[in-house]
Each structure stands twice: as structure tokens, then as C-alpha cells.
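Take a look at the structure set out below.
Along the sequence shown, the residues carry numbers beginning at 1.
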Amino acid sequence: MLLSLKIENFALIDRLDLELYAGLNILTGETGAGKSIVLDALDAALGGKVSARMVRTGAERANIEATFLTNPAIAQWLETQEIEALDADTLICSREIAPRSNRTRINGVVVNKQQIQQLRDRLVEITAQGQTILLSQAAQQREWLDSFGDQVFKQSLTSQRQKVAKLFEAKERSRKALFDRQQNERNRLQHLDMLRYQLKELEAANLDDPDELDMLEGDRNRLAHSVELQKQGYAVYEALYQNDSGKACGDLLGEAESILSEMVTLDRESEAILELVSSALAQVQEAGRQINNYVNRLESDPEQLEIIEQRINQIKQICRKYGTLPEAIAYTEKLQQELAELTDQSLSLEELELRAEADLQALLKACKKLTELRRQSATALEQAQIEALKMLAMEKVRFQVGIYASEPNALGGDRIVFEFSPNLGEPLQPLAETASGGEMSRFLLALKTCFVHQKVTPNQPNVEFSHANVGTMVFDEIDAGVSGRVAQAIATQLWQLSRSSQILCVTHQPLIAAIADRHFHVSKEVIGDRTQVQIQLLEIEDRKQELAQIASGKTFAEDNGTVKTKKTKGKAVVNEIEHLALAQAIAFAESLLEQAAAIKAS
């Protein structure tokens, strides 16, 4: 469960500390007020995509910190990842965003994308605007069906899918082996001759070191310029250590050391300088010895140079035909393996055919078992989804999971289609072809409800809870495209769902906002010369004002009986019509809160 969210220098947010609660947390505010920014920050803290443009203008970096209530399963995951727990109850996910750095941390430990994604799946499920598009994707429908079946049948589908995937790989290997033998049988000898010729050429070149060409070219350069290198080396030696025409560096440092030694006997303050000069003299003497040894080792060897030139030409000729030297070495190994496979007559063509057929039949048998499990899962999902949709004011809805045969693959031999009919008398059709935007939103909410009800057995519906095993679900305007009775049904469903999972929901619907356990108002304010996003937890009177504003589309404020609007910018406008509108809006807000309380009590 998400306990708090701290945001600093992210988009329009300067600094924000948001404390969250169990149950249903609602965020409301004007369009563009920054509600989605808060959800984007949570997404970023859990490894979502970010860019340097998300850093607030004028700031060097953005920082986001999300604190969660942990549970034994998460504690065990942390242990497997060798990440220390901060304490027994909490877990902190943080993200630093800067133009040239982007770090994600768990309990202060920098983690990679795979790790934070694994943890994210255990902590939060974010349903953002536009996610209903996933409902129309066959692959996603299959994943939902299998996931639901896993929860119902305790991972039977996962184990069967893994078995199917392994058998599919075996079938593909045997099929490919058979196909390759059939294709290559006619020209196998010709192909073998070509392979042997290429392999003979490559093996004759004796290629085993990917860096050999670079080393050979280095040796060639040294041998080709040995005279010049000797001349330059002697010049260095004379400058450092021994010079017949004048004093070398070592001689000058020796004199300086001798003088400083006498100075030290008179004044100990110069002792540090003496140590520096002595050290420099020792290094110059060592450099002189090493350059002398280097020059003495240099020799002109035309025969060795010729051998190196020939080897370089041989390798370059190979590379012109087979790519870079590492690629030529890799190709040699590939040819050896391919030649071994072509010359392996341990299995006849008939034996390969029998193996391929046996592997295919094993796959088909496993796919049939997976199909049976999916049909059982489909029946359970259909019943649960229809019940959930009826609670969302879709009493006449029909829903069916269509399972149709398809070419077997690693995921089975089924094509899954969610089929839907929202109106009595209308035939079932693919969900994407018949559902409106509002119906898609309700369908998705119902689907989430089905999954949560399988994961967690809800407590008494009107009991405040704070267990560590409660996850967090985020809905960003799941109520888009609905109103009236449907909005009320969504509100009821969200609240019921929040009894078994913490919910954070952005909405523009007063019916949904009224049923919240905690109601937050998001606004943009100009502070100084900058726009900032602010969030306020609303108490009862402020909630009435906010609900009245959402319902009426106007902003009201009371000040000693005087009604003000945004357009007046603080100038009192005493207007009987406005007073009446305010009174009606507040009365409507109060009725919404009373209605919400009644729904919760029931």
C-alpha cells in the first residue's frame, strides 16, 4: 500500500509531500491542474519512462520518493535481490532525474530496469487514460484469461503454458532438423565440399586471437622504424642521464640535491624541498635506465619484418572474404559445427520424420490440455465479469470468451476473443467492435474487480483497513465518457473494490468524488512569478465546496455572506441569483455525501 509520495522539481511541482491512506483516495481539480502529473511522478518512481524535460525549469534535477507498506512476499523478494530492508514495515522507491543521469533506487540501492519492474508489479497497478485500447488486443485478452485462470486454479495454466512452450521448442527443433535434412540431402555432398574448402582455408590461417592483427601491425611499426626509434631514444637518454656536450637533467638535479643537503644542515625548513628533488632525481635516473634498456633492445630485423608483413597480408586476405578477424574466427567455429552436423549420419531421414511427428503429437496433446483449462477459466471469468458489469448498471449485458483453434505455438493452439453484447437482442461481437468508450471503461473496471476479488477476500465492507498485504490500484479518469446512473455505479464499484485494495483515482465526476474515503484537491497557483501545483486534503466543508464546483462548473467562495467568483478577482458581487446558485450547489453536494454514506452503510 502506498503511504506517501514526495515530489521535488518535477514538471510544475516545486515540492510536494502527499500522504495517502487505505481505501478510496480521490483526486479532483480543474482540467490541466496537474492531477496526472502526480500519477506520472508515481509512475516515474516505479521505473516508468522519463526525460530531462520533466525536470522543473531552473532546477538541476528532479527527485521522487514513494514509500510503501511492505509485506512478507516483498520482504522475501528484497532478500533474493540482496537489498536490505529499511525496517519491517516500509519500502522506499526513489527516482532521480537529471539531464545526464537517471537513477532508480530501492531502499537507497541503485537497481536496474528489470528489478524495478518486478517490484512494480508487486506494488502497484496503474490504469491510465487510453488503457482501454488493450481490451481490443487479442494477445492481452489471452494474458488476462490465463492470469485469471491461474488465480482460480492456483497456477495450473502457468505450468501448462510452460509445458507447451518447451514442447513447442522441441517440435521446432525436430521440424527444422527434418526440413534441413530434406533440403540438403540432394546437394549435401556439394555443400560439404564447399564447407571443407572454406574450413581448410580458415584452419590453415590458424586464427585464434581476435587481437592478432593489431599486435602484428604494432610489431611492424616498431621494426620498420627501429633506426628512428633508437635515435630518438638516445636523445632522451642524453637529456635525462648522460650528455657529453652539456649537463643532463640528472646532473642538474644532483647538483640541486647537493646544495639542498647543505641548506638542510643550516635550516630544517628546506628539508621538504630536498625530499622532492631527491625523489625527482631518483625518477629521472630510473627513466634513464629504462630508456637505455629500451634502445638496446631495439634492432633492425628485415627477415622478421618480412614474416610479419606476410602474416598481415594473409589475415587481411581472409578478412576480405569473411569479415573482421573476430567474425572470421566465429565463422570457423560455425563451419566446424555445420560440417559435423552434415556428416552426422546417426539419424536417418525416416528417424527424423518419426521424431518430428512424435514431437508434434506431444505438443498437440499439451495444447489440448491447455485449451481445456482455458475453457474452465473462461467460464469462471464470464460469470464473474457479468456479475461485476451488472453492478455497473449493465443489467442486460452478455459476455463470452471465445476460444477458437489456431496454429499451435509457444502459447498454445487457441485464439482468444472477448465477445460482448451490451443490449438485449443484439448478437455477441468482438469487444472492440461493439463497445462504446463508456462501456469499455466499465468493462475494464469490472475486469480489475474480478482480479482483485480472486486475489484478496474482502473484509467487512465498511471496515477501515491497513493491512500490509493490500496492494495499490491507480485509475486515471476511468469514468471518462459516462455520467448519471452509470457514474454512480462506477462510484459504488470503486468503493467496494477499495475495501480489498488501496485505490488512487483521478475523476471529474462528483458522484465518484463524493464516495471517497479521502478527497484531495489539486490546483495550480502562481507563487511569485512561477506556477506551482498544490494538493490539499479536503475536510467536510471544503469537500462540499469542491463537489459543488464540480457539479455546477463554477468556482464559489464565501466571505462574510458575500459570494465571489473567479471573474470578479476578489471584488464583492452581491447577487441574489448567485446566492441561490451557491445554495443549490451546496445542497446538491450535501445530498451526494449523504447518498455516499448510505451506499457505504448498505
Side-chain angles (χ1 to χ4, degrees), residues 1-7 10 16-27 35-50 54 63-78 81 83 85-86 89-95 97 104-107 111-132 134 140 143-144 147 151 444-445 447-456 465-478 494 497-507 516-518 520 535:
M1 185 179 77
L2 179 62
L3 297 177
S4 65
L5 186 63
K6 296 182 180 180
I7 309 171
F10 184 79
L16 181 64
D17 292 339
L18 179 61
E19 182 178 356
L20 278 303
Y21 304 86
L24 180 56
N25 299 268
I26 292 291
L27 274 66
K35 301 182 295 298
S36 293
I37 295 177
V38 177
L39 303 189
D40 289 342
L42 174 60
D43 179 62
L46 296 171
K49 291 183 179 180
V50 297
M54 293 180 174
N63 291 286
I64 306 164
E65 182 179 290
T67 303
F68 292 87
L69 196 63
T70 188
N71 59 46
I74 293 175
Q76 183 179 4
W77 182 86
L78 291 174
Q81 302 298 314
I83 298 175
L86 297 178
D89 298 322
T90 58
L91 164 80
I92 297 178
C93 299
S94 59
R95 187 76 170 270
I97 308 168
T104 303
R105 291 181 172 87
I106 300 174
N107 287 349
V111 295
N112 57 37
K113 184 176 181 180
Q114 181 180 5
Q115 288 174 302
I116 191 62
Q117 185 61 53
Q118 289 177 357
L119 182 61
R120 175 195 181 106
D121 293 341
R122 290 166 169 80
L123 292 174
V124 170
E125 183 175 357
I126 299 178
T127 303
Q129 296 181 42
Q131 194 184 8
T132 51
L134 293 175
Q140 185 61 59
E143 292 301 320
W144 275 325
S147 296
Q151 295 176 27
L444 182 59
L445 177 57
L447 192 63
K448 302 290 185 182
T449 303
C450 293
F451 275 88
V452 170
H453 285 174
Q454 285 297 328
K455 289 180 181 177
V456 182
F465 64 93
S466 58
H467 339 94
N469 64 342
V470 173
T472 300
M473 300 182 70
V474 179
F475 292 97
D476 189 4
E477 299 189 20
I478 191 68
L494 282 172
L497 189 59
S498 70
R499 299 309 91 193
S500 54
S501 180
Q502 181 196 38
I503 290 182
L504 182 61
C505 178
V506 172
T507 184
D517 294 308
R518 298 290 189 280
F520 297 88
I535 297 184

Next item on the list: Only counting residues at least two apart or in another chain, list the ones meeting side-chain contact (heavy atoms from CB on, under 4.5 Å) with Ser4.
Entry: Thr67
Check: Which heavy atom in Ala41 sits nearest to a heavy atom in Ile7, and how many Å separate them?
Finding: CB-CD1, 3.5 Å
Checklist line | Val124/Val474 under side-chain contact (heavy atoms from CB on, under 4.5 Å): CA gap, chis, key distance, verdict | finding: CA-CA 7 Å; Val124 170; Val474 179; 4.0 Å; yes
Notebook entry, point to check: Any idea which heavy atoms bring Ser498 and Asp517 closest together, and the distance?
Noted result: OG-OD2, 4.0 Å
Next item on the list: Give the C-alpha distance, both sets of side-chain angles, the deciding distance and a yes or no for side-chain contact (heavy atoms from CB on, under 4.5 Å) between Glu125 and Phe451.
Entry: CA-CA 11 Å; Glu125 183 175 357; Phe451 275 88; over 6 Å; no
Next item on the list: Supply the atom-to-atom distance Lys49 NZ to Met54 CE, rounded to the nearest 0.5 angstrom.
Entry: 10.5 Å
Checklist line | Contacts of type salt bridge (Lys or Arg N to Asp or Glu O under 4.0 Å), residue Arg120, not counting sequence neighbours | finding: Asp43
Next item on the list: Identify the two heavy atoms, one from Cys93 and one from Leu46, that lie closest to each other, and give their separation to 0.1 Å.
Entry: SG-CD2, 3.9 Å
Check: What residues, two or more places apart in sequence or in another chain, satisfy salt bridge (Lys or Arg N to Asp or Glu O under 4.0 Å) together with Glu143?
Finding: Arg161
Notebook entry, point to check: Quick check: does any side chain N or O of Gln117 sit under 3.5 Å from a backbone N or O of Gly47, one acting as donor and the other as acceptor?
Noted result: no
Next item on the list: Show the numbers, then the answer: is there a side-chain contact (heavy atoms from CB on, under 4.5 Å) between Leu497 and Leu445?
Entry: CA-CA 10 Å; Leu497 189 59; Leu445 177 57; 4.2 Å; yes
Note to self: For Lys35 versus Leu27, what's the shortest heavy-atom pair and its separation?
What the structure shows: CD-O, 3.9 Å
Check: Mind checking what makes side-chain hydrogen bond (donor to acceptor under 3.5 Å, both in side chains) contact with Gln115, not counting sequence neighbours?
Finding: Gln81
Note to self: Tell me every residue that passes side-chain hydrogen bond (donor to acceptor under 3.5 Å, both in side chains) with Asp17, counting only those two or more places apart in sequence or in another chain.
What the structure shows: none
Next item on the list: Measure across Glu19 and Phe520 and return the closest heavy-atom pair with its distance rounded to 0.1 Å.
Entry: O-CZ, 3.5 Å
Check: Sub-3.5 Å donor-acceptor pair from the side chain of Arg95 to the main-chain atoms of Gly48, do we have one?
Finding: yes
Next item on the list: Starting at CG of Leu494, measure out to CD1 of Ile26 and round the result to the nearest 0.5 Å.
Entry: 6.5 Å
Next item on the list: Can you measure from CD1 (Ile74) to CG (Leu123) and round to the nearest 0.5 angstrom?
Entry: 4.5 Å
Next item on the list: Measure across Leu18 and Leu20 and return the closest heavy-atom pair with its distance rounded to 0.1 Å.
Entry: CG-CD2, 3.5 Å
Item checked: Rounded distance [0.5 Å steps], CZ in Phe475 versus CG in Leu24 -> 10.0 Å
Item checked: Phe10 vs Leu16, side-chain contact (heavy atoms from CB on, under 4.5 Å): CA-CA, chis, key distance, verdict -> CA-CA 10 Å; Phe10 184 79; Leu16 181 64; over 6 Å; no
Checklist line | CD-CG distance between Glu65 and Leu5, expressed to the nearest 0.5 angstrom | finding: 9.0 Å
Checklist line | With Asn107 via side-chain contact (heavy atoms from CB on, under 4.5 Å) - residues at least two apart | finding: Leu78, Ile83, Leu86, Leu91, Ile92
Item checked: Spacing of Thr90 atom OG1 and Phe68 atom CZ [to the nearest 0.5 Å] -> 11.5 Å
